[in-house]
Every structure is written in C-alpha cells, then in structure tokens.
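Structure first, then comments.
Throughout, protein chains are lettered first and strands after them, A, B, ... in sequence-line order, and every chain is numbered starting at 1.
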Protein chains: 2
Amino acid sequence: MKRQKRTTIYDIAQQLNLAASSVSRALSDSNKINAETKALVLKTAAEMNYQQNAMASNLRKGNNPTIGVVVPRINQYFFSNVIAGLEEVTFKAGYNLVICQSNELHAREVEGINALVNQNVSCIVISIAAEKGSFDHLQQVLDRNIQLIQFDRVVEELETFKVLNDNRQAAYEAVQHLIEQGYRRIALLEGPQELQIFRERKEGYIAALQDHGFPVLSELMYANAWTKELGAAATAQLLDMPDPPDAIFASTSDFAALGVLEVANNKGIRIPEALGICGYSNEPFTEITSPSITTIDQFSVEMGRKIGNLHFQELENFNPESKTKTVNVRPELIIRNSSLRKSHVP
Amino acid sequence: MKRQKRTTIYDIAQQLNLAASSVSRALSDSNKINAETKALVLKTAAEMNYQQNAMASNLRKGNNPTIGVVVPRINQYFFSNVIAGLEEVTFKAGYNLVICQSNELHAREVEGINALVNQNVSCIVISIAAEKGSFDHLQQVLDRNIQLIQFDRVVEELETFKVLNDNRQAAYEAVQHLIEQGYRRIALLEGPQELQIFRERKEGYIAALQDHGFPVLSELMYANAWTKELGAAATAQLLDMPDPPDAIFASTSDFAALGVLEVANNKGIRIPEALGICGYSNEPFTEITSPSITTIDQFSVEMGRKIGNLHFQELENFNPESKTKTVNVRPELIIRNSSLRKSHVP
DNA sequence: ATATTTTAGGCAATCGATTGCAATTAGCAA
DNA sequence: TTGCTAATTGCAATCGATTGCCTAAAATAT
C-alpha cells in the first residue's frame with residue numbers, strides 16, 4: 001500500500017485558481033483576505049480532506065509548539081500524574097507533548113534532551129535522574145534559549161524555573177498534627193540527604209518540634225529509610241529502644257510508612273493508640289491499608305498544570321521579573337486512621 | 001532574551017568552505033563523502049554546537065519518526081505502564097513519542113488524532129475512549145495510510161493491527177484455579193457487555209465451569225460491577241442469598257475485588273477459608289491488602305513493547321501476511337492469599 | 001473627475017536539510 | 001599518453017507553509 005500524496009495548499013490553490021499565499025491566509029484566518037474567499041477556501045479544504053503539514057509550518061515559523069518532558073519513569077504514580085496535568089494544559093493551548101523517560105540513567109537523560117533540542121521544542125520539562133552526572137546537557141538547553149522548567153528533583157545551581165513542593169511546610173504540618181494528637185516521641189524516617197527534598201522535610205520536622213517545645217533527639221532520626229523494607233527495618237530497631245517512639249513520620253514515602261505499619265501490626269502494637277504513623281505522597285494504597293495511613297498529598301496533577309501554566313505565562317501570582325523563579329505547590333496533609341486517636345468533637 | 005540563531009549546515013559549510021550538501025552527507029554518514037572530510041565536518045559541527053533541525057529534515061524526507069499515542073487517561077496504572085513499555089522501544093529506534101489523553105471523551109479523542117495527523121506521525125496507537133462516537137477519525141488515519149494500532153479497548157470492525165490481552169484465557173485460568181482450590185459455587189462480577197474485553201472474560205468463566213462439569217448459574221453472575229462500590233454492593237447481595245457463593249471472581253477489576261474483600265471482612269467472613277476472591281489487573285495494592293488478593297497480571301509494560309515492536313515489524317511470531325492482524329498478550333494468574341486455602345505441599 | 005486610501009490577492013523568498021544530477025579530479029588500465 | 005571508471009564535491013530543486021513586498025482594483029475623499 002503506497003502512501004498517496006496528501007493535499008497541500010497548492011492543490012487547493014490550483015483547484016480554486018488562487019495563489020497558495022491566499023489559501024494560507026484563508027486557513028490561518030488572516031484579515032488580509034476577503035470573507036467570501038476565505039469561506040470558499042475553507043469549504044474546499046474540507047472537501048479535499050486537507051490537513052496542515054505541521055512540519056512545514058513549524059519550519060517556516062521557526063518554532064515548534066511542543067513541550068518535551070523527561071522523567072525518570074513514566075509509570076510512576078507521581079510522574080504519570082504530573083504528566084496528566086501537564087497534558088491537560090498543553091493540549092488546551094494547542095501544544096503537543098513529547099515524552100521521554102530516563103530510567104534514572106544520566107546517559108539516557110542526555111539522549112532524551114538532545115532529541116528534544118533537535119525537535120526545536122519550545123520548552124523542556126524535567127525531573128532529573130537519580131544517577132549523578134554533569135549538567136552540560138541542561139546548560140545547553142538554556143544556551144539555546146529553550147525554556148527549561150525543572151520540577152520535584154531539581155539541580156539547584158541551575159538558574160531555571162522550578163516547580164516544587166513545599167516539603168518543609170508539609171513536614172511541619174504533619175509533625176504538628178502528630179503533636180496535636182498527643183504523640184510525644186515522634187521519630188523521623190529520613191531520605192538521602194543529598195536530595196534537597198529530603199533535607200527540607202527534615203527541616204520541617206525539626207522546626208515543628210522546636211516550635212512546640214519538644215526536644216530534637218538524634219536517636220529518633222533514622223537515615224536512609226526510603227523503601228518498604230528499609231522502613232520496616234528502621235521500625236524494628238526504633239521499637240526495640242528502651243524508650244521507643246510513640247509516632248513515626250515516614251518522610252520518605254508511603255512505602256516506608258507501609259513497612260512501619262506491617263512491623264507494628266506484626267508486633268501487635270495498636271495503631272493509632274500506641275503508635276501513630278504518617279507517610280508521604282498519598283499513594284492510592286494508603287487509603288486501603290488497615291488502618292488507613294495518614295499522609296501528604298502532593299497534588300501531582302495540579303503540579304503538572306502549574307508547570308504548563310508557567311510556560312504559558314499564565315500562572316497566577318507569578319511575577320516574571322522575580323529573581324527567584326520558583327513556584328511552590330502547597331501539599332496537603334491527609335489525616336487518616338493511622339494517626340487519629342482523638343475523635344474530632346466540635 | 002532573544003533567541004540567537006542556531007547553527008545550520010550552511011554555517012558549517014561556510015566555515016569549511018564546503019557545500020551544504022557535503023556537510024549533510026558527512027553528518028548523515030553517507031558513503032559519498034571522503035573520510036577525512038567527514039571527520040572534519042563532524043569535528044567542526046561539534047565545535048559549533050550544531051544540532052540538526054529535525055523539522056527541516058522531516059519535511060524534506062516526508063516522514064516524521066514519531067509515534068502518537070491516544071489513551072483515555074495517562075495516569076491510569078495500566079495505561080502509564082503501556083506507555084512506559086512503548087517508550088522503551090520507540091526510544092531505542094530513535095523515534096519520538098507524542099502523547100494525548102482523551103479523558104474518555106470522544107471529541108477530545110478526535111482532536112488528538114487530528115493533531116497527530118498534522119504532525120504526519122508514522123503511527124498512531126490508541127485505546128478508545130468509553131464515550132461512543134463515530135469512527136471517522138480513525139478511518140481517516142487509515143485513509144492517509146498512517147499505521148493504526150489499537151490496543152485493549154478496540155473498535156472491532158476496523159481492520160487495523162490490534163494488541164489485546166487474552167481475556168478469555170486469563171478468566172479461564174482464574175476460575176480453574178478457584179475450582180482446584182475446592183470452591184464449588186463461584187460467582188462472577190461482570191463488566192459492561194458492550195465492551196469486548198468483558199464479554200471475553202465472561203466466556204472464559206463459563207467455559208471453565210463447563211469444562212470441569214460445573215453448572216453455569218445465572219444467579220451467580222452479577223452485571224455491571226466494575227467499581228469498588230458496585231463490587232461491594234454486589235457482594236452484599238450475593239452473600240445474602242440462601243445458598244451464597246463460596247468464591248467471587250471480580251472479572252472487572254481489582255477495585256471491585258477490593259469491594260468484595262471489604263464487605264466480607266466486615267461481615268466476619270473468613271478469607272480464603274469461607275470465601276475465595278480473585279480480581280483482575282494486578283494493581284499494586286492487591287499485594288498489600290489483608291489478605292493479599294489473587295489477580296491477573298496483564299503485563300502492561302510488555303504490551304507496550306509489543307505495540308512498538310509491531311510497528312517496527314520486529315515482533316517475533318508475527319506474520320505480516322496474516323489476515324488477522326491481532327497480537328495477543330498472555331496474561332498471568334497471580335495467586336495470593338485471598339484464594340489459597342490449600343497449602344502447596346509437593 | 002481626480003486623488004488618495006483600503007482591500008484583496010499574487011509573487012517570490014524563506015525556513016534547513018536532503019538528494020538527483022552534473023562536474024571535477026583522481027586512479028588505473030591499456 | 002589516452003581513455004575510462006570511480007570517488008568526491010558542488011549545484012540547484014525540493015519538501016509545504018508563511019510572509020514581506022508589490023500591484024491592481026475598489027472604495028472613499030476632495
């Protein structure tokens with residue numbers, strides 16, 4: 001089956017005994033064209049099954065209304081939600097969305113970025129891979145004056161737009177909530193401190209304790225517990241302490257919180273009475289566990305929308321002149337049974 | 001900040017006192033170019049920070065190495081996995097991946113398809129929206145000789161490549177497993193029978209019962225139970241029967257199975273002893289519930305890969321001459337505690 | 001009726017890379 | 001040395017749409 005030639009504006013022009021430029025003007029709704037002619041062209045174009053060749057148009061206009069996205073994994077809950085939100089906005093604006101996944105590999109990320117640069121996309125949105133490497137590829141994007149928007153996992157030293165969760169604030173609120181529920185020895189499961197997001201969460205934890213007159217105890221802070229297994233191991237150790245914690249804030253992820261939950265359940269420790277638990281991310285499963293897990297929703301879909309709006313300069317409250325090109329998305333504490341030991345009586 | 005002109009092959013040609021055509025040949029690794037010249041061009045191109053303009057190249061070559069995807073929702077577990085698998089293959093082939101979501105709306109789907117046609121993509125991959133509508137937009141894709149690959153939710157009457165789960169087989173195996181575990185009255189939660197996938201699952205259920213000499217009882221088949229809530233409601237009714245089922249196959253989704261689980265738990269019915277449960281999809285949460293839920297893995301990532309390979313004509317066991325352009329992905333039964341009442345002793 | 005402004009539409013260059021064909025040079029055989 | 005092939009490279013057209021500039025006709029003003 002051979003591909004038959006598609007209809008071009010020249011075909012339409014010939015059909016109507018017009019110049020191609022007039023057809024183009026009619027189709028692009030220019031005001032330099034007679035209304036009747038325009039209608040005629042539109043009608044003929046429809047009849048001839050005309051579809052614009054976007055490549056030709058983009059080449060001539062020198063821009064490609066496309067946003068490129070590079071994320072570690074497309075099929076991770078958080079990322080797929082961000083992409084969904086972003087797609088919503090870009091589609092409305094008539095933009096395309098091209099997607100690459102880095103699989104957490106630096107080399108793959110570089111390749112993806114290059115492909116997007118070749119495409120001459122108008123914006124690249126990225127959450128960087130875990131694997132360390134140089135930032136030349138990102139710098140190159142900036143040098144070519146393609147807009148670069150980083151989100152969630154960002155390279156701090158690069159001067160780009162950044163869309164972030166207010167991790168500090170979220171952690172603060174979580175710990176505050178635990179304090180209000182009467183927990184007195186609140187432990188923290190920390191993530192790798194190389195990553196800014198985990199440092200910020202720790203800051204929020206410490207600030208909340210201090211603001212409420214609680215001591216900050218290093219024995220209650222457990223490093224690098226960011227998977228279910230590590231969370232479980234950490235919990236086993238913490239609960240074996242002479243003076244064990246009465247709450248655990250798994251600031252790394254809901255998976256760590258799940259590990260906490262399972263260990264506590266196995267030990268017959270009652271949740272939330274004897275142990276309060278709070279996770280991070282609002283993964284779908286947190287609603288389903290027994291008891292359900294208190295966690296922090298990152299509004300990932302909303303985050304995607306904000307990224308898109310940022311590109312289209314439509315983000316409310318955003319001052320393009322501002323030095324700090326950072327947009328914060330305010331996460332929300334979702335209180336569930338794993339931390340709710342006081343019933344809410346008004 | 002104004003966008004400085006990017007380096008073109010003409011810039012390189014001028015720099016080296018060559019013709020642009022020679023630069024093009026050098027860059028595309030043509031054999032009609034001297035090795036030394038080629039090396040020189042490559043070196044200079046790198047120095048001048050050259051990146052090919054893909055739009056110009058695609059326009060001239062008349063094709064766009066891009067695959068477009070239209071799915072109901074990007075952030076649905078199944079779809080995001082398919083996309084991830086597809087991206088893997090397309091990236092390896094040097095293709096781009098453009099993504100649209102229909103949000104289950106027909107009009108949105110049409111718009112998305114049109115955008116992809118404009119882009120002159122070489123292949124469109126689609127899982128159709130739930131909202132019914134005409135198939136003109138898909139027919140148009142075929143008329144333009146753009147390859148169309150449907151997956152999961154397909155329009156049967158269109159003659160296109162189709163990548164499907166073997167739903168019948170999967171359901172058969174699930175029911176067979178329940179029978180082997182000694183369940184005798186196995187109920188079915190059905191999905192909307194307009195959709196082929198649900199019809200096939202029902203067929204598998206019936207066939208398994210018949211093959212093992214069990215009666216097919218209409219009172220054990222419950223229509224349209226494809227959310228958690230509907231699954232719960234169905235379960236409540238089924239368990240109130242004078243002679244209730246001792247197993248429920250939630251063929252619609254794991255969410256429905258979750259509804260079953262919750263109702264049974266609330267009623268104090270022991271799982272798997274008094275009631276066996278099997279879901280469909282292998283959602284991540286099925287591993288976490290108590291008890292964990294037996295379900296069917298659809299190999300969604302693998303499905304995405306197969307779609308990609310199909311486009312690149314590399315799919316093993318695929319005969320391009322065959323009339324039936326359908327590729328089946330074999331799902332796998334994942335046996336967990338919700339249906340395992342016999343321990344496996346060899 | 002003449003001058004001036006608008007309006008409509010055509011011409012041709014352009015975006016950047018590719019490619020068929022022609023031209024030049026080198027390589028080699030007779 | 002002449003003739004012929006092969007290897008390189010250049011020239012120019014091309015992909016399809018857009019747009020600055022120009023012209024002709026129509027509309028309006030004087």
**Request:** Classify every nucleotide of nucleotides 4-13 of chain D by which part a protein heavy atom approaches to under 4.0 Å, writing B for the base, S for the sugar-phosphate alone and - for neither, in 5'-to-3' order.
**Result:** ----SBBBBB
Can you list the residues that meet the salt bridge (Lys or Arg N to Asp or Glu O under 4.0 Å) rule with [X], with sequence neighbours excluded?
{"X": "B:Lys43", "value": "B:Glu47"}
{"X": "B:Glu157", "value": "none"}
{"X": "B:Arg73", "value": "none"}
{"X": "A:Glu111", "value": "none"}

Could you state the [atom1]-[atom2] distance from [X] to [N], rounded to the nearest angstrom?
{"X": "A:Asn58", "N": "C:dA17", "atom1": "CG", "atom2": "P", "result": "15 Å"}
{"X": "A:Arg144", "N": "C:dG16", "atom1": "CZ", "atom2": "P", "result": "13 Å"}
{"X": "B:Leu59", "N": "C:dT14", "atom1": "CG", "atom2": "P", "result": "17 Å"}
{"X": "A:Gln119", "N": "C:dC15", "atom1": "CD", "atom2": "P", "result": "20 Å"}
{"X": "A:Asp29", "N": "D:dA17", "atom1": "CG", "atom2": "P", "result": "17 Å"}
{"X": "A:Leu27", "N": "D:dG16", "atom1": "CG", "atom2": "P", "result": "15 Å"}
{"X": "A:Ile9", "N": "C:dG10", "atom1": "CD1", "atom2": "C1'", "result": "13 Å"}
{"X": "B:Asn53", "N": "C:dC15", "atom1": "CG", "atom2": "C1'", "result": "8 Å"}

**Prompt:** Hey, what bend do you get for the helix from C:dA1-D:dT30 to C:dA30-D:dT1 if you fit axes on five pairs at each end, rounded to 10°?
**Reply:** 40°
**Message:** By the side chain to side chain donor-acceptor pair (under 3.5 Å) test, which pairs, at least two apart or in different chains, include something from residues 23-36 of chain B?
**Reply:** B:Asp29-B:Lys38
**Asked** With a non-hydrogen cut-off below 4.0 angstrom, is B:Ser24 in contact with a base, only sugar-phosphate, or nothing?
**Response** base
**Request:** Kindly write out the residues that satisfy side chain to side chain contact (heavy atoms under 4.5 Å, CB included) with B:Val110, not counting sequence neighbours, or none if the list is empty.
**Result:** B:His106, B:Asn114, B:His137
**CD/B:Gln14: more than 12 non-hydrogen atoms of other groups inside 6.0 Å** = no
**Request:** Nearest 0.5 Å please: distance from the CG atom of A:Leu97 over to the OG1 atom of A:Thr90.
**Result:** 4.5 Å
**Complete:** Those residues at least two apart in sequence (or on a different chain) that pass ring pair (Phe, Tyr, Trp, His ring centres under 6.0 Å) with B:Tyr95 are B:His311, B:Phe312
